[in-house]
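These notes concern the structure reproduced below.
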Amino acid sequence: MDSIHRALAADPNVEMTDPDMDIAVLESIRGVHDTALVDFLDQAWTAAEVPDDDVELVFADTFSHPGLHAPTVAAKKPQDAGAFGQYCFDTITGIGPGTFDAAIGSVNTALTAMRRVADGAPLAMALCRPPGHHVSADAFGGGSYLNNAAICAQALRNGGADKIAILDVDFHHGNGTQSIFYDRADVLYASLHGHPDRSYPYFTGYAGEAGSGHGRGTTLNLPFAEAIEGPEYLALLGGALSTISTFTPDVIVVSLGFDTFRGDPGGDAALVRADYHEMGRAIADVGVPVLAILEGGYSVSELGDNVGAWLSGAMNASTVGG
């Protein structure tokens with residue numbers, strides 16, 4: 001956040017605002033996530049047996065898996081042995097004493113930006129961490145705890161929007177967002193990401209995943225090869241935006257990851273700063289209000305300038321609203 005603030009501080013076209021404090025955050029969260037998951041995240045730290053290793057984090061180590069051939073049981077309570085592995089799907093997403101508060105704050109930030117768009121701003125960006133697009137209705141992982149983009153998309157629908165498009169440009173597939181809307185016709189999910197044969201979360205994001213039931217055709221996965229550069233990436237993006245334009249959404253929610261940057265430790269793509277400018281411009285040129293929500297991006301020294309490049313491109317067709 002310091003990197004981003006430094007990069008944007010001198011731009012007179014950017015208005016920086018604090019999150020609103022009067023948002024019914026938990027109500028919005030429970031509109032997308034199962035109560036059992038939310039309760040687990042809330043209580044996991046206090047219920048955990050914290051190891052004496054000077055690391056204020058606990059992790060899952062055993063998981064509910066079909067290969068166990070275990071009988072179906074009710075959701076475990078946070079204090080139950082094995083509860084962590086029922087709600088989390090990986091070993092890299094820890095919970096510490098401030099994790100739930102941070103996740104709530106991230107959602108609150110996203111909902112604040114959503115309000116700006118709902119009130120008429122053509123563009124707003126939520127500077128959220130932790131990210132959220134790996135979280136499904138009932139499971140978290142990938143450094144994500146609550147799905148900011150999905151929560152905002154559902155809140156926009158509840159507020160009267162007819163259709164929402166979610167465009168995910170994080171390097172990693174947003175398995176959680178896809179699963180939440182996979183069988184729905186009112187929310188289009190389109191994702192550009194590293195191919196799941198080599199990229200986390202590995203089991204989702206293949207091109208053949210296109211939605212089911214009423215949602216058949218409202219999921220678009222565009223996995224790309226290692227070391228993809230700007231021209232090829234922007235061509236893929238153009239195809240996604242064409243699909244989104246045909247869908248005619250009221251708002252485009254962008255899961256805006258910057259881990260596609262050349263040399264980012266979280267991915268193997270090779271985009272450069274100018275590509276983010278073109279990405280922002282192309283998205284705004286669809287002519288639909290844009291709610292951008294920060295996801296990944298781990299080249300911290302470069303992150304602020306990359307965010308600034310994206311914003312400058314988007315503001316060629318819009319004015320930032322918050």
Side-chain angles (χ1 to χ4, degrees), residues 28-34 37-38 41 87-90 93 103 106-107 109-111 113-114 126 128-158 161 163-194 196 199-207 209-223 237 240-241 243-244 247 249 251-260 266 283 290-297:
S28 296
I29 290 169
R30 290 194 170 102
V32 168
H33 295 298
D34 289 358
L37 172 64
V38 179
L41 292 169
Y87 298 106
C88 184
F89 60 81
D90 66 21
T93 307
S106 190
V107 174
T109 302
L111 288 170
M114 184 217 71
C128 296
R129 286 289 169 89
H133 69 151
H134 291 303
V135 188
S136 67
D138 55 2
F140 71 98
S144 303
Y145 303 90
L146 296 166
N147 195 317
N148 301 316
I151 291 165
C152 286
Q154 186 60 53
L156 286 164
R157 285 286 290 117
N158 293 347
K163 292 187 290 186
I164 303 297
I166 301 175
L167 173 64
D168 194 330
V169 294
D170 188 275
F171 176 82
H172 306 94
H173 182 243
N175 56 290
T177 311
Q178 173 174 292
S179 70
I180 289 167
F181 299 111
Y182 200 63
D183 60 356
R184 289 174 50 173
D186 58 331
V187 179
L188 171 72
Y189 177 71
S191 177
L192 286 68
H193 50 268
S199 303
Y200 183 95
Y202 305 111
F203 299 104
T204 68
Y206 289 92
E209 297 164 27
S212 64
H214 294 298
R216 185 70 184 172
T218 57
T219 294
L220 174 65
N221 283 301
L222 298 170
L237 177 65
L241 292 175
T243 298
I244 288 171
F247 184 68
V251 177
I252 299 173
V253 177
V254 184
S255 278
L256 185 57
F258 291 89
D259 40 3
T260 48
I283 294 168
V290 174
L291 168 61
I293 299 175
L294 187 65
E295 298 279 1

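Only this structure's heavy atoms are used, side chains among them; waters, hydrogens and symmetry mates stay out.
- Atom OG of Ser28 is separated from atom CG of Asn158 by 7.5 Å, given to the nearest 0.5 angstrom.
- Between the Arg129 side chain and the Glu295 main chain, a donor and an acceptor come within less than 3.5 Å of each other.
- Across every non-hydrogen atom of Ala190 and Ile244, the tightest pair is CB-CD1, 4.5 Å.
- Distance check, rounded to the nearest 0.5 Å: CZ of Phe89 to CZ of Phe140 gives 9.0 Å.
- Taking both residues in full, the closest heavy atoms of His214 and Asp183 are given as CB-O, 3.7 Å, listed atom of the first, atom of the second, then distance.
- Formation of a donor-acceptor pair under 3.5 Å by the Asp90 side chain with backbone atoms of Gly141 is not found in this model.
- The backbone N or O of Ala210 sits less than 3.5 Å from a side-chain atom of Tyr182, completing a donor-acceptor pair.
- Remark: side-chain polar atoms of Tyr189 are not paired, donor with acceptor, to backbone N or O of Thr177 under 3.5 angstrom.
- Atom OG1 of Thr243 and atom CG of Leu167 lie 10.5 Å apart (nearest 0.5 Å).
- Listed for the Ser136 side chain is no donor-acceptor partner under 3.5 Å among the backbone atoms of Gly176.
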Does the pair Asp170 and Ser255 meet the rule for a side chain to side chain contact (heavy atoms under 4.5 Å, CB included), with working shown?
CA-CA 7 Å; Asp170 188 275; Ser255 278; 5.5 Å; no
Asp186 vs Phe181, side chain to side chain contact (heavy atoms under 4.5 Å, CB included): CA-CA, chis, key distance, verdict:
CA-CA 8 Å; Asp186 58 331; Phe181 299 111; 5.5 Å; no
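- A donor-acceptor pair under 3.5 Å links the side-chain atoms of Asn221 to the main chain of Glu209, judged by distance alone.
- In this structure, CG on Leu37 lies 10.0 Å from SG on Cys88, to the nearest 0.5 angstrom.
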Please determine whether side-chain hydrogen bond (donor to acceptor under 3.5 Å, both in side chains) holds for the pair Asn147 and His33, giving the CA-CA distance in whole Å, both sets of side-chain angles, and the decisive distance to 0.1 Å.
CA-CA 8 Å; Asn147 195 317; His33 295 298; 5.7 Å; no
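- Using a 4.5 Å heavy-atom threshold, the side chains of Thr93 and Tyr145 count as touching.
- Under the 3.5 Å distance criterion, the side-chain polar atoms of Ser106 are matched with a main-chain donor or acceptor of Pro130.
- Two residues are said to be in side-chain contact when any heavy atoms from C-beta on lie closer than 4.5 Å; Leu256 and Val169 meet this criterion.
- When all heavy atoms are compared, the tightest approach of Pro131 to Asn148 is C-ND2, 4.0 Å.
- Between Gly217 and Leu188, the shortest heavy-atom contact is O-CD1, 4.3 Å.
- With contacts defined as side-chain heavy-atom distances shorter than 4.5 Å, the pair Ile166/Val253 qualifies.
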Could you walk me through whether Asn175 and Gln178 pass the side chain to side chain contact (heavy atoms under 4.5 Å, CB included) check?
CA-CA 5 Å; Asn175 56 290; Gln178 173 174 292; 5.8 Å; no
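- Considering CG of Leu237 and CD1 of Ile283, their distance stands at 5.5 Å, rounded to 0.5 Å.
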Going through the checks in order, is the side-chain hydrogen bond (donor to acceptor under 3.5 Å, both in side chains) test met by Ser191 and His173?
CA-CA 7 Å; Ser191 177; His173 182 243; 4.7 Å; no
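- The two atoms that bring Gly215 and Thr218 nearest to each other are O-OG1, 2.6 Å, heavy atoms only.
- When every heavy atom of Ala113 is checked against every heavy atom of Leu291, the shortest pair comes out as CB-CD1, 3.5 Å.
- Separation of atoms NE2 (His133) and NE2 (His172) is listed at 7.5 Å; rounding is to 0.5 Å.
- Here the side chain of His193 pairs a donor or acceptor atom with the backbone of Gly205 at under 3.5 angstrom.
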